[in-house]
Each structure stands twice: as C-alpha cells, then as structure tokens.
Amino acid sequence: MKDVVKEIATGQIMNRVVCAKNEECENKRSISVLTPGAISGGVVHQSDLGMAVLKKEPFENKITKEGDIVIKLSSPYDCALLEKKDEGLLIPSYCGLLRGIKTDTVYPRFLSGYLNSDHVREQLLMGVNASAASMIRQHALQSLELLLPTMAEQILIGDAYWYSCQKKAIYEEYVRVQQRTSDAIIQMAIQEVIRRGA
C-alpha cells in the first residue's frame with residue numbers, strides 16, 4: 001500500500017481538539033465528524049455524520065479532502081472513497097486515512113472496492129488479536145499487499161463497483177425515509193389516542 005499512496009495516517013484523538021460538554025472553549029467553530037455508521041458500502045452517508053465544537057484546530061491530515069479514502073480501523077473495517085460533498089469532515093482516531101493515491105498505478109474506485117473486499121479484511125484481521133476492541137494499526141495498512149489487475153481492468157471493475165455503491169446508498173436513504181414515515185404514522189396514532197383519553 002505504501003507504494004501507491006503518498007500518505008497513510010490515523011485519525012484525530014478527539015479530546016485533544018474537541019470541547020467536552022462542560023468545558024469552556026474560546027473557539028466555538030462547529031465541525032462535522034465521521035461516525036461509525038457514516039462509513040458504509042464504499043460511501044459516506046451524510047445523514048449519519050456527527051457534530052463537534054473545536055477548541056483547537058486539528059492538523060490538515062485529520063480533515064477529509066475529495067479523493068481521500070477513509071477506512072474504519074475496527075470491525076467491520078468498511079472504507080469509503082470521498083467525494084467533494086465529503087470534504088471538511090473531522091476524522092476520528094478509529095479511522096485511517098489514505099491520501100494522495102498514485103493514479104498512474106491504481107484507480108481510486110478500484111482501490112476502494114478492493115479495500116472493502118473479504119480478501120483484504122482477512123489480511124488485515126491476521127494482524128489483529130481477537131478482542132472486540134482490536135483495531136488495525138497504521139503499519140498493517142502500510143504493509144498491506146495489493147493485487148492489481150491492469151489499469152484498464154481496474155477502471156472497468158472500479159466504475160462498476162462505484163456505481164453499485166451509489167445505487168445502494170440511494171436505496172438505503174429511501175429505506176430511512178420510509179422508516180421515518182412509518183414511525184410518524186404510529187406516533188400520530190398514539191397522540192390521537194392520548195388526546196381522546198384526556
């Protein structure tokens with residue numbers, strides 16, 4: 001991996017830059033934060049992002065940029081290729097960052113799909129002990145062996161994977177909307193029953 005990516009970093013230790021609930025902070029700038037549920041199926045789900053108030057500006061490599069790949073360092077080790085809309089997010093310490101993908105060697109969409117494969121998960125898990133809190137180390141990402149087809153094949157496979165991820169994300173958002181509608185119907189029914197009993 002280290003041969004095809006310029007930078008491999010881990011995310012921000014949050015208590016160093018984020019205000020705690022009862023802490024007085026001069027800098028009141030809010031920032032969106034990646035949460036475990038936001039990284040899934042090769043993309044970032046904007047509706048699952050968290051928010052934090054900064055007390056100190058994080059380093060540049062702790063903030064997302066278009067073209068980065070972020071990977072969860074704990075199970076299920078999902079990763080996402082970031083788009084323009086995913087820029088400016090704070091990357092917490094449970095995530096790794098791949099920045100500066102050498103596109104003459106590897107196609108970013110293919111790399112994202114490859115990192116989300118069972119093949120890679122098995123490789124990464126070999127360096128992790130069995131406890132539930134185990135996290136992939138930065139060194140494991142750096143030394144990850146990549147099996148790369150030709151660039152033409154990478155583009156074909158990577159684009160097919162990417163469009164499938166986009167379609168899946170649309171379906172998942174539709175399911176969320178339907179669930180909110182269902183919940184609202186039940187809530188209205190409960191309120192009506194309460195009103196009648198008053």
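What you see is a predicted model; the values in this text were computed from it and never measured. Basis for what follows: all heavy atoms, side chains included, without hydrogens, waters or symmetry-related copies.
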Exercise. Using a 4.5 Å cut-off on heavy atoms from C-beta on, say whether the side chain of Val4 contacts that of Ile101.
Key: no
Quiz item: Does Glu60 CD have over 12 foreign heavy atoms under 6.0 Å away?
Solution: no
Self-check item: Test salt bridge (charged side-chain N to carboxylate O under 4.0 Å, His left out) applied to Lys167 - qualifying residues, sequence neighbours left out
Solution: none
Residues 46-54, side-chain donor-acceptor partners within the protein, below 3.5 Å, at least two apart:
unit_1 : atom_1 : unit_2 : atom_2 : d
Gln46  : NE2    : Lys85  : O      : 3.4
Gln46  : NE2    : Asp86  : OD1    : 2.7
Asp48  : OD2    : Arg176 : NH2    : 2.8

Exercise. State yes or no: do Val106 and Leu156 share one hydrophobic cluster built from I, L, V, M, F, W and Y residues joined by side-chain heavy-atom distances below 4.5 Å, directly or via other members?
Key: no
Quiz item: For Gly37 and His45, which heavy atoms make the closest approach, and how far apart are they?
Solution: O-CD2, 4.4 Å
Practice problem: Find out whether Arg29 and Ile31 are in side-chain contact, i.e. whether some heavy atom of one side chain is under 4.5 Å from a heavy atom of the other. | Solution: yes
Quiz prompt | Single-linkage hydrophobic cluster Tyr171~Val44, side-chain heavy atoms < 4.5 angstrom | solution = no
Quiz prompt | Under 3.5 Å: donor-acceptor pair, side chain of Lys72, backbone of Ser40 | solution = no
Practice problem: Please list, chain by chain and in numerical order, all residues satisfying side-chain contact (heavy atoms from CB on, under 4.5 Å) with Cys79, sequence neighbours excluded. | Solution: Ile69, Ile71, Ser112, Leu115, Asn116
Exercise. For Gln178, enumerate each residue passing the side-chain hydrogen bond (donor to acceptor under 3.5 Å, both in side chains) test, keeping only those at least two apart in sequence or located in another chain.
Key: none
Exercise. State, yes or no, whether a side-chain contact exists between Gln123 and Leu144 at a heavy-atom distance under 4.5 Å.
Key: yes
Exercise. Under the salt bridge (charged side-chain N to carboxylate O under 4.0 Å, His left out) rule, collect the residues that match up with Lys62, sequence neighbours excluded.
Key: none
Quiz prompt | Residues in side-chain contact (heavy atoms from CB on, under 4.5 Å) contact with Met151, at least two apart in sequence or another chain | solution = Tyr107, Gln154, Ile155
Self-check item: Shortest non-hydrogen contact from Leu90 toward Pro58
Solution: CD1-CG, 3.8 Å
Quiz item: To the nearest 0.5 Å, how far apart are NZ in Lys2 and OG in Ser143?
Solution: 6.5 Å
Self-check item: Exercise: identify the closest heavy-atom pair between Val43 and Cys165
Solution: CG1-CB, 4.2 Å
Quiz prompt | Point-to-point distance, once rounded to the nearest 0.5 Å, from OG of Ser93 to CZ of Arg16 | solution = 9.5 Å
Quiz item: Once you round to the nearest 0.5 Å, how far does NZ of Lys6 lie from CD1 of Ile8?
Solution: 13.5 Å
Quiz item: Do Leu147 and Leu141 belong to the same hydrophobic cluster, where Ile, Leu, Val, Met, Phe, Trp and Tyr are linked whenever their side-chain heavy atoms lie under 4.5 Å apart, directly or via other members?
Solution: yes
Practice problem: Return each pair, listed once, that meets salt bridge (Lys or Arg N to Asp or Glu O under 4.0 Å) where at least one residue sits in residues 180-191; pairs must be two or more places apart or across chains. | Solution: Glu173-Arg180
Self-check item: Candidate pair Gln179 and Ser182, rule side-chain hydrogen bond (donor to acceptor under 3.5 Å, both in side chains), full reasoning
Solution: CA-CA 5 Å; Gln179 186 60 56; Ser182 300; 5.0 Å; no
Quiz item: Mind checking what makes side-chain hydrogen bond (donor to acceptor under 3.5 Å, both in side chains) contact with Lys84, not counting sequence neighbours?
Solution: Glu87
Practice problem: For the pair His119 (side chain) and Tyr114 (backbone), establish whether a donor and an acceptor sit closer than 3.5 Å, ignoring hydrogens and angles. | Solution: no
Quiz prompt | Side-chain touch Leu98/Glu7, heavy atoms, less than 4.5 angstrom | solution = no
Quiz prompt | Which atom of Cys95 lies closest to which atom of Ile91, heavy atoms considered | solution = CB-CG2, 3.5 Å
Quiz item: For Lys168, what residues pass the side-chain hydrogen bond (donor to acceptor under 3.5 Å, both in side chains) criterion, not counting sequence neighbours?
Solution: Glu172
Quiz item: Which pairs with one or both residues in residues 107-118 pass salt bridge (Lys or Arg N to Asp or Glu O under 4.0 Å), sequence neighbours excluded?
Solution: Arg109-Asp159, Asp118-Arg121
Quiz prompt | OH on Tyr161 to CG on Leu111, rounded to 0.5 Å | solution = 10.5 Å
Self-check item: Shortest non-hydrogen contact from Lys55 toward Asn15
Solution: NZ-O, 3.0 Å
Practice problem: Using the test side-chain hydrogen bond (donor to acceptor under 3.5 Å, both in side chains), find all partners of Gln166 that sit at least two apart in sequence or belong to another chain. | Solution: none
Practice problem: Mind checking the CG-OG1 spacing from Leu97 to Thr10? Nearest 0.5 Å is all I need. | Solution: 9.0 Å
Quiz item: What about Ile13 and Leu73, same hydrophobic cluster or not, with Ile/Leu/Val/Met/Phe/Trp/Tyr joined at side-chain heavy-atom distances under 4.5 Å?
Solution: no
Quiz item: Taking only residues two or more places apart in sequence or in another chain, which ones pass salt bridge (charged side-chain N to carboxylate O under 4.0 Å, His left out) with Glu145?
Solution: none
Quiz item: How long is the gap from CZ on Arg99 to NZ on Lys65, to the nearest 0.5 Å?
Solution: 5.0 Å
Quiz prompt | Heavy-atom pair of closest approach, residues Tyr77 and Ile136 | solution = CD2-CD1, 3.1 Å
